[in-house]
Asker: 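Encoded as structure tokens, here's the structure I'll be asking about.
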Amino acid sequence: MFHPHELTRVGTVSRFEADLQAVATNSMVTGQVRYNSNSDLFCPSIDGYHV
């Protein structure tokens, strides 16, 4: 659903979790991704929007 990205955890957690909620309509996908730890997120540039 989302463009590939790279996640680096900066904080330690006993169990890593991620949650993705998304809706696709025609050529657009909108949604939210959440991680349960303090993290750095790297998103390569794409031909479009990635907020």
Asker: Can you give me the closest heavy-atom contact between P44 and H5, atom names plus distance?
Answerer: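 Distance-wise, the nearest heavy atoms are CD-CA, 4.5 Å.
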Asker: Sequence neighbours excluded, which residues qualify as side chain to side chain donor-acceptor pair (under 3.5 Å) partners of D19?
Answerer: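 With neighbours one apart ignored, the set is Q21.
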Asker: Just to verify, what does R15 make a side chain to side chain contact (heavy atoms under 4.5 Å, CB included) with, not counting sequence neighbours?
Answerer: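 So R15 forms a side chain to side chain contact (heavy atoms under 4.5 Å, CB included) with E17.
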Asker: If you round to the nearest 0.5 Å, how far is CD of E6 from CG of L41?
Answerer: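 Going from the CG atom of L41 to the CD atom of E6 covers 9.0 Å.
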Asker: To the nearest 0.5 Å, what is the distance between OG1 (T8) and CG (N38)?
Answerer: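 Output value for this atom pair is 11.5 Å.
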Asker: Of all the heavy-atom pairs spanning V29 and A22, show the shortest one and how long it is.
Answerer: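 Reported closest heavy-atom pair: CG1-CB, 4.2 Å.
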Asker: Atom OG in S37, atom CG in L7: separation rounded to 0.5 Å?
Answerer: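 If I round to the nearest 0.5 Å, the distance is 6.5 Å.
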Asker: Run the side chain to side chain contact (heavy atoms under 4.5 Å, CB included) test against S27 and tell me which residues pass, sequence neighbours left out.
Answerer: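 S27 satisfies side chain to side chain contact (heavy atoms under 4.5 Å, CB included) with no other residue.
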Asker: What pairs meet the ring pair (Phe, Tyr, Trp, His ring centres under 6.0 Å) rule with one or both residues in residues 8-36, with sequence neighbours excluded?
Answerer: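 Of all non-adjacent pairs touching residues 8-36, those that pass ring pair (Phe, Tyr, Trp, His ring centres under 6.0 Å) are F16-Y35.
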